[in-house]
Amino acid sequence: MGTISEKIFSRAAGAEAKANDFVLADIDYAMAHDGTSVLAVNAFKEMEMKKVWDPSRIVIPFDHIAPANNETSATLQKEIREWVKEQGIPNFYELGEGICHQVLPENGFALPGKLLVGADSHSCTYGAFGAFATGVGATDMAEIFATGKLWFKVPESFRFTVEGRLGKGVYAKDLTLYLIGKTGIDGATYKAAEFYGQAISELSVSGRMTLCNMAIEMGAKTGIVPPDEKTFNFLKNRAAAPYEPVYADQDAVYVKEPVYSAEDIEPQVACPHQVDNVKPVGEVEGTHIDQVFIGTCTNGRLEDLEVAAAILKGKKVAVRTIVIPASRTTLLAAIENGTMETLLKAGITLATPGCGPCLGAHQGVLGEGEVCLSTANRNFKGRMGKGGFIYLASPATAAASALAGEITDPRTVQI
Ligand SMILES: CC(C)[C@H](C(=O)O)[C@@H](O)C(=O)O
Ligand code: SF4
């Protein structure tokens with residue numbers, strides 16, 4: 001008798017939990033990166049806490065401004081490295097290992113039925129594995145470092161269904177942008193979004209991560225795909241702990257049950273400066289761009305780089321194109337199977353696995369009035385540089401547009 005969220009919270013709180021109940025829940029894994037660990041550790045110290053509750057359940061990846069871009073961030077990172085050592089936290093991932101939301105799944109922390117929190121708003125990505133995962137603020141994270149517990153209001157749930165199959169040239173990102181366009185940036189505020197239907201189960205693990213990554217962009221507390229064989233295969237030889245898959249009951253209560261058809265979905269583009277300002281690519285075709293960015297926790301995985309490479313093979317990009325693999329593992333795999341060679345020969349610029357220019361700190365910040373087509377998850381005003389304009393799309397649309405120097409429908413490119 002419950003949604004996936006209600007069942008996970010019932011287990012984590014040790015008593016039956018229903019939507020809108022307040023519960024004190026045990027956290028399975030807690031993540032903070034170079035950007036947010038500084039605040040969390042400061043708050044932890046202000047609480048006069050000496051030892052974290054369980055070092056093995058804390059994961060600290062350095063990804064946001066790594067390598068450091070100036071003395072201030074270098075010094076803050078130095079302090080975090082020292083704290084990690086002092087606390088004996090084994091799951092520390094140095095710069096170059098990759099983006100937090102890629103590093104946690106790759107290392108088997110994102111597991112079905114678990115409760116994960118991260119001091120980062122896109123922590124909802126781990127819902128792709130059937131976990132309840134959400135972002136928290138740095139002071140909440142300090143509380144978790146100290147006690148391993150956090151108060152939650154159990155969210156009500158939406159049941160999204162996407163029936164049928166995605167067409168040629170249409171990817172997980174297009175499906176995701178389409179759903180955000182339909183729902184609106186605050187249409188699912190504080191809800192847990194469960195995803196069902198043929199188009200969802202046909203998504204790869206990577207595609208499900210793209211979808212759940214952006215649940216926050218419709219205001220949702222988390223996005224969850226029920227785990228299946230694809231999930232279990234991915235977790236084989238990888239899971240950091242035993243896990244118990246959790247599924248919704250037949251009579252689970254949902255506050256909304258929207259149903260969409262995958263056949264209606266064309267390649268989508270989110271236009272400046274709001275993520276739900278979504279249009280079919282045909283409506284923005286020909287828009288001039290100055291830069292293309294392929295990467296981030298949304299679309300920097302091997303599958304994404306492969307899609308881009310298939311389009312760019314034997315051709316040359318017409319605008320500066322930055323490619324940042326989501327992790328060292330992704331980069332190595334792309335080197336091993338020739339994807340990276342294809343991309344480099346096409347003229348892309350490769351940077352260290354991490355967040356790159358996604359949040360406007362380094363490695364590709366925009367100049368006044370410049371336009372970037374990005375595979376990221378946010379196009380807020382000024383995010384990649386004051387005065388810049390960001391369009392969001394799939395890696396296929398990004399690659400096709402890189403070839404033309406303007407927004408291009410990937411279905412029109414000969415492969
Ligand atoms: C820096 C961090 C707090 C932020 C987030 O929480 O999402 C960042 O990752 C982002 O994507 O804007
Ligand atoms: S890649 Fe972008 S969205 Fe993802 S965690 Fe980094 S800054 Fe945030």
Side-chain angles (χ1 to χ4, degrees), residues 30-43 59-66 68-69 73 76-77 80 93 95-106 110 116-126 128 133-142 173 176-177 180 185 206 209-223 270 273-275 293-301 304 322-327 330 351-366 372 374-385 388 390 392 395 398:
M31 184 280 292
H33 50 65
D34 56 324
T36 51
S37 56
V38 176
L39 296 166
V41 168
N42 283 347
V59 188
I60 315 262
F62 271 17
D63 56 356
H64 273 64
I65 311 183
N69 61 345
S73 60
L76 293 172
Q77 291 181 12
I80 296 303
Y93 296 93
L95 60 90
E97 289 308 316
I99 308 168
C100 52
H101 307 311
Q102 185 66 15
V103 166
L104 266 77
E106 275 179 4
L116 286 96
V117 289
D120 189 282
S121 63
H122 296 105
S123 302
C124 45
T125 310
Y126 320 136
T134 195
V136 297
T139 40
D140 279 342
M141 188 49 74
K173 180 62 160 289
T176 305
L177 291 176
I180 293 168
I185 46 166
S206 176
M209 288 171 74
T210 302
L211 172 64
C212 292
N213 175 269
M214 292 191 71
I216 180 73
E217 308 307 335
M218 51 169 98
K221 189 80 175 155
T222 195
H273 297 286
Q274 229 168 255
V275 186
F293 172 36
I294 302 175
T296 79
C297 54
T298 316
N299 275 129
R301 282 173 283 281
D304 303 317
I322 298 165
V323 174
I324 306 192
S327 70
T330 307
T352 313
C355 300
C358 179
L359 77 166
H362 62 169
Q363 294 178 336
V365 175
L366 302 176
C372 181
S374 164
T375 64
N377 47 32
R378 282 188 178 150
N379 59 355
F380 305 162
K381 196 169 188 178
R383 180 170 167 92
M384 287 182 75
I390 308 167
L392 306 175

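Hydrogens, waters and symmetry mates play no part in the numbers below; they use all other heavy atoms, side chains included. Both ligands and their constituent atoms are indexed starting at 1 by order of listing.
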**Student:** Between the side chain of Asp63 and the main-chain N/O of Cys355, is any donor-acceptor distance below 3.5 Å?
**Tutor:**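 Side chain of Asp63 to backbone of Cys355, a donor-acceptor pair under 3.5 Å: no, none is there.
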
**Student:** Quick one about Arg301 and Thr330 (side-chain donor to acceptor, distance below 3.5 Å, no hydrogens or angles considered), yes or no?
**Tutor:**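 Arg301 and Thr330 do not have a side-chain donor-acceptor pair below 3.5 Å.
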
**Student:** Quick one: which ligand 1 atoms are inside 4.0 Å of a heavy atom on Thr36?
**Tutor:** 3 (C)

**Student:** Taking only heavy atoms of His122, which atoms of ligand 2 are found under 4.0 Å from at least one of them?
**Tutor:**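 What qualifies from ligand 2 is 3 (S), 8 (Fe).
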
**Student:** Lys173 side chain to Leu392 main-chain N or O, any donor-acceptor pair under 3.5 Å?
**Tutor:** no

**Student:** Do Thr375 and Asn299 have a side chain donor and acceptor closer than 3.5 Å?
**Tutor:**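 No.
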
**Student:** Which residue owns the protein heavy atom closest to atom 2 (Fe) of ligand 2, what's the atom, and how far is it?
**Tutor:** Cys358 SG, 2.4 Å

**Student:** Looking only at distances, please establish whether an N/O atom of ligand 1 is found under 3.5 Å from an N/O atom of Ser121.
**Tutor:**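 Yes - when backbone and side-chain N and O of Ser121 are compared with those of ligand 1, one distance drops under 3.5 Å.
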
**Student:** Near Thr296, which atoms of ligand 2 are under 4.0 Å from a heavy atom of that residue?
**Tutor:** 1 (S)

**Student:** Using a 4.0 Å cut-off to any heavy atom of Leu359, which atoms of ligand 2 qualify?
**Tutor:**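 Ligand 2 atoms under the 4.0 Å threshold to Leu359: 7 (S).
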
**Student:** Quick test: of every protein heavy atom, which one is nearest to atom 6 (Fe) of ligand 2, and how far off is it to 0.1 Å?
**Tutor:**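 Minimum-distance protein heavy atom for atom 6 (Fe) of ligand 2 reads Cys355 SG, 2.4 Å.
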
**Student:** Does a donor on one side chain and an acceptor on the other come within less than 3.5 Å for Thr296 and Arg378?
**Tutor:**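 Side-chain D/A pair, Thr296 to Arg378: absent.
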
**Student:** Test your reading of the model: is there a side-chain donor-acceptor pair from Gln102 to the backbone of Pro325, 3.5 Å cut-off?
**Tutor:** no

**Student:** Determine whether a donor-acceptor pair (N or O, by modelled atom type, separation under 3.5 Å) exists between the side chain of Asn379 and the backbone of Gln274.
**Tutor:** yes

**Student:** Can you list the ligand 2 atoms lying under 4.0 Å from a non-hydrogen atom of Asn377?
**Tutor:**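 Under 4.0 Å from Asn377, ligand 2 has these atoms: 3 (S).
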
**Student:** Output the list of atoms in ligand 1 that are nearer than 4.0 Å to some heavy atom of Asp120, sorted by atom number.
**Tutor:** 2 (C), 4 (C), 5 (C), 6 (O), 7 (O), 8 (C), 9 (O)

**Student:** With heavy atoms only and a cut-off of under 4.0 Å, state how His33 meets ligand 2: side chain, backbone, both or neither.
**Tutor:**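 It is neither part, as no heavy atom is under 4.0 Å.
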
**Student:** Show me which atoms of ligand 2 lie under 4.0 Å from any heavy atom of His101.
**Tutor:**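 The list of qualifying atoms is 5 (S).
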
**Student:** Going by the atom numbers of ligand 2, which of them fall below 4.0 Å from some non-hydrogen atom of His64?
**Tutor:** 5 (S), 6 (Fe), 7 (S), 8 (Fe)

**Student:** Can you tell me if Arg383 contacts ligand 2 (heavy atom of the residue under 4.0 Å from the ligand)?
**Tutor:**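 A heavy atom of Arg383 does come that close to ligand 2.
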
**Student:** To the nearest 0.5 Å, tell me how far Thr352 OG1 sits from Leu95 CG.
**Tutor:**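 Result: 7.5 Å between the selected atoms.
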
**Student:** Who's closest to atom 1 (C) of ligand 1 heavy-atom-wise, of His64, Arg383, Arg378?
**Tutor:** His64

**Student:** Taking 4.0 angstrom as the limit and counting only heavy atoms of Cys297, give me the atoms of ligand 2 inside it, by number and element.
**Tutor:** 1 (S), 3 (S), 4 (Fe), 5 (S)

**Student:** With heavy atoms only and a cut-off of under 4.0 Å, state how Asp120 meets ligand 2: side chain, backbone, both or neither.
**Tutor:** side chain

**Student:** Enter the distance from His101:NE2 to Ser327:OG here, rounded to the nearest 0.5 Å.
**Tutor:** 13.5 Å

